[in-house]
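Taking it in order: structure first as structure tokens, then the write-up.
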There are 2 protein chains.
Amino acid sequence: MLTIADIAKKAGVAKSTVSRYLNNGSISEDTKKKIEQIMNDTGYSPNAFAQSLKAKKTNIIGTIVPRLDSYATSRTLIGIDEQLREQNFQMLVSNTSQNLEREIDNIYTLAKQKVAGIILLATQITDEHLEAFTQVEVPVLLVGQQHEKVYSLIHNDFEAAYHLGKYVLSKGHRKIAYLGVSQQDIAVGINRKEGFQKAVSEISCDVQYYEAGFNISSSLEIVPTIIDEFNPSIIVCATDNLAIGAMKAAYSKGMDVPKDISVTGFGGYEVTEMMHPGVTTVKFFYKEAGVIAAKKVLRLIRGDDTERLTLSNFELIERESVDKK
Amino acid sequence: MLTIADIAKKAGVAKSTVSRYLNNGSISEDTKKKIEQIMNDTGYSPNAFAQSLKAKKTNIIGTIVPRLDSYATSRTLIGIDEQLREQNFQMLVSNTSQNLEREIDNIYTLAKQKVAGIILLATQITDEHLEAFTQVEVPVLLVGQQHEKVYSLIHNDFEAAYHLGKYVLSKGHRKIAYLGVSQQDIAVGINRKEGFQKAVSEISCDVQYYEAGFNISSSLEIVPTIIDEFNPSIIVCATDNLAIGAMKAAYSKGMDVPKDISVTGFGGYEVTEMMHPGVTTVKFFYKEAGVIAAKKVLRLIRGDDTERLTLSNFELIERESVDKK
DNA sequence: CTGAAAGCGCTTACAG
DNA sequence: CTGAAAGCGCTTACAG
């Protein structure tokens, strides 16, 4: 393994000069060429530990995720990773298994590891979060949730839900069950619901609101009751998983989707396309959001200015799970 | 941020003594207690960069994955991460986006980063791989593929496929399409196929073999042709994704699964349960395999002996996508 | 533009 | 069992 001293000797200069070359300090064209030559010949690359020890920072971006086995998470990570790699940064992912406490811990741990920045795929922001953000002197970017005190990148949940609501109404549905999630989750629990509410408020119709957990089995449980008690013509679900569970539940009751009941999802998971019937849903661009997120932390790190809140786009995807009434 | 010098001063000992405490060298009960006390009071934790620079190794396990957005990958990573965390090791994941060259590069890069070990979620092992394994002086564990020269953990593809084949036959199917993948992939392309072949060789029946890529759309393309030309009573797919595509394709042709044609998957992805009908498949225990993998590299690192090849278990899950003939 | 020197926070022979 | 010193591979004022 070559060190900076080896390069310096070969080039006939001092270590500091080589270091300057590496850190784009001012050096003459001549020495620059000489060093460049040797770098190429030897394939030297600096020892990251030594760099970090001295410079007290790294080119690592810590990414904290609530879970690894989610389509949204995976795709977002791919986007982050790609962009970071391009800029010679490295992604370090830290999984919290939906444990909020571990999320807080991770913020401190990553900071201690001297990461250059932190991207948090957030579910909710507590006071402990805010405390941690101010304690650590590392730029933090929220993805998926927003908070006025922190730089955030969110999917346009409100607009998307409004859009989807209008679409559902345009299909003639007037007896609608909305299956949402806990309001602790601002983006999914509140923004989506409110966007939808705005849409249905603009026309006279019968809407009932229900709440489930985040997993498929949770909607599998509640949907039969919804059908028995309310018998809607459509179930609008706050996530694709909920929609998948709803469809499964409908089938179990011997109903056909969309003939007997329509269903919509939210998120645009790949699997919604592969189901039968395909699930009408709002698609978010997770990978693209990841790319934007990476660019945004990098700006934060470099001190370039960037907007407080960035909105990522959406697209309504019409498939077969919604019937015209 | 406290350094080892601060602790030493507070404890009235030399830095080397504190270092010995940290690295369980021999020190007296007395000084041990004193230092322990101060550690607790101050919440000191050593600078990982300095440690790595000196000790020339880390407590990081590099994990190379071909893709991030796969159920198998995600679940395996979760298992690895959990186990590593428990043992005070850290997981660094590196995504190659199915680029073999990047896979090789990553082996060298991780080694240069002084990771303590490497776990490779492998797809195929080339000579360049073997070359890299011997070059780097870091323990390497293969997961999902085996090679006689490398420590490996695989799912029991052959047995599982044999088992599934017997099951299909027991359901009365005698005109069977097997939809496999490239034989470059030993585990999925060869072992599964051969296990299945062994099963069908034990009884007289009509079997045709086909090959697709790894994604849903690939089977979506080929399955209509299979149905038109061969018209099997069942399509046995080498992966769940292929099965999902096959079902979608069947529906598109106006056929009902399982009434008109049966389908089986392989892998036990969560979504197979949520489809309608549920997909009969072989389930692998990815997360558990991840845990075992982590334990295994740790043994390798510590020089404890461990078996060359470890087999992870499977379970046949009967659902509704297979009809009795 | 360039070099010599100090120092980042650890670990590890070497003596005692 | 313990301490003083050297050194891991870099970076960064400080002089020139």
Side-chain angles (χ1 to χ4, degrees), chain A residues 1-39 42-60 88-90 109 111-116 137-138 301, chain B residues 1-39 42-60 88 90 109 111-116 137-138:
Chain A
M1 203 87 284
L2 290 169
T3 74
I4 204 172
D6 299 320
I7 305 298
K9 190 181 297 173
K10 280 188 210 290
V13 298
K15 290 190 301 173
S16 33
T17 304
V18 179
S19 178
R20 256 178 232 111
Y21 168 87
L22 256 16
N23 301 283
N24 49 54
S26 48
I27 62 176
S28 71
E29 264 312 308
D30 261 25
T31 46
K32 186 171 182 170
K33 280 219 181 79
K34 234 180 343 189
I35 295 177
E36 206 153 37
Q37 179 66 256
I38 295 174
M39 292 276 175
T42 56
Y44 165 83
S45 83
N47 178 314
F49 299 125
Q51 286 183 312
S52 307
L53 178 57
K54 207 39 210 168
K56 307 211 160 195
K57 61 172 183 156
T58 63
N59 57 165
I60 296 172
N88 283 317
F89 273 72
Q90 204 177 29
T109 311
K112 226 185 47 193
Q113 285 188 63
K114 301 281 190 308
V115 296
E137 275 153 23
V138 176
I301 291 167
Chain B
M1 203 88 283
L2 290 169
T3 74
I4 204 171
D6 299 321
I7 305 296
K9 189 181 296 172
K10 280 188 209 290
V13 298
K15 291 189 300 174
S16 33
T17 304
V18 179
S19 178
R20 257 178 231 112
Y21 168 87
L22 255 16
N23 301 285
N24 49 54
S26 47
I27 62 176
S28 71
E29 263 313 306
D30 262 25
T31 46
K32 185 171 182 172
K33 281 220 182 75
K34 229 176 353 183
I35 296 177
E36 206 152 37
Q37 179 67 256
I38 294 175
M39 292 276 175
T42 56
Y44 164 82
S45 84
N47 178 314
F49 299 124
Q51 286 184 311
S52 307
L53 177 57
K54 208 39 209 171
K56 306 209 161 198
K57 61 170 184 159
T58 64
N59 58 166
I60 296 172
N88 284 315
Q90 203 177 29
T109 311
K112 226 183 47 193
Q113 286 187 61
K114 302 283 189 307
V115 296
E137 276 153 21
V138 176

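Computed from heavy atoms alone, side chains included, the values below leave out hydrogens, waters and symmetry copies. All chains are named by letter (A, B, ...) in the order of the sequence lines, taking the proteins before the strands, and each is independently numbered beginning at 1. If you're wondering where the values come from, they're calculated on a predicted model, not measured in any experiment.
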Side-chain H-bond candidate by donor/acceptor type, K114(B) with S52(B), under 3.5 Å: no
Pair S16(B), S19(B): side-chain N/O donor-acceptor within cut-off below 3.5 Å: no
In whole angstrom, what separates [X]'s [atom1] from [N]'s [atom2]?
X: I35(B); N: dC1(D); atom1: CD1; atom2: C1'; result: 11 Å
X: D30(A); N: dT2(C); atom1: CG; atom2: P; result: 8 Å
X: K112(A); N: dG9(C); atom1: NZ; atom2: P; result: 14 Å
X: I4(B); N: dG3(D); atom1: CD1; atom2: C1'; result: 13 Å
X: F49(B); N: dT11(C); atom1: CZ; atom2: P; result: 15 Å
X: L22(A); N: dT12(D); atom1: CG; atom2: P; result: 11 Å
X: K15(A); N: dA5(C); atom1: NZ; atom2: P; result: 11 Å
X: Q113(A); N: dG9(C); atom1: CD; atom2: P; result: 17 Å

Paired nucleotide for dA15(D) [Watson-Crick or G-U wobble; both distances under 3.5 Å]: dT2(C)
Closest to side chain of [X], choosing from [options]:
X: N47(B); options: dG9(D), dG9(C), dG3(C); result: dG9(C)
X: K54(A); options: dG3(C), dG9(D), dG7(C); result: dG7(C)
X: S28(B); options: dT11(C), dT2(D), dG3(C); result: dT2(D)
X: A50(B); options: dA13(D), dG9(C), dT2(D); result: dG9(C)
X: L53(B); options: dC10(C), dT2(C), dG9(C); result: dG9(C)

Is the phosphate of [N], meaning OP1 or OP2, less than 4.0 Å from a side-chain N or O of [X]?
X: Q51(B); N: dT11(C); result: yes
X: T31(A); N: dT2(C); result: yes
X: S19(B); N: dT11(C); result: yes
X: S26(B); N: dC1(D); result: yes
X: Y44(B); N: dC10(C); result: yes
X: T17(B); N: dT2(D); result: no

If we only count heavy atoms from C-beta on, is the [X] to [Y] side-chain gap below 4.5 Å?
X: M39(B); Y: L22(B); result: yes
X: I301(A); Y: V138(A); result: no
X: F49(A); Y: Q51(B); result: no

N/O donor-acceptor pair, side chain S16(B) with base dA4(D), under 3.5 angstrom: yes
Taking every non-hydrogen atom, the tightest pair across T42(A) and K10(A): CG2-CE, 3.9 Å
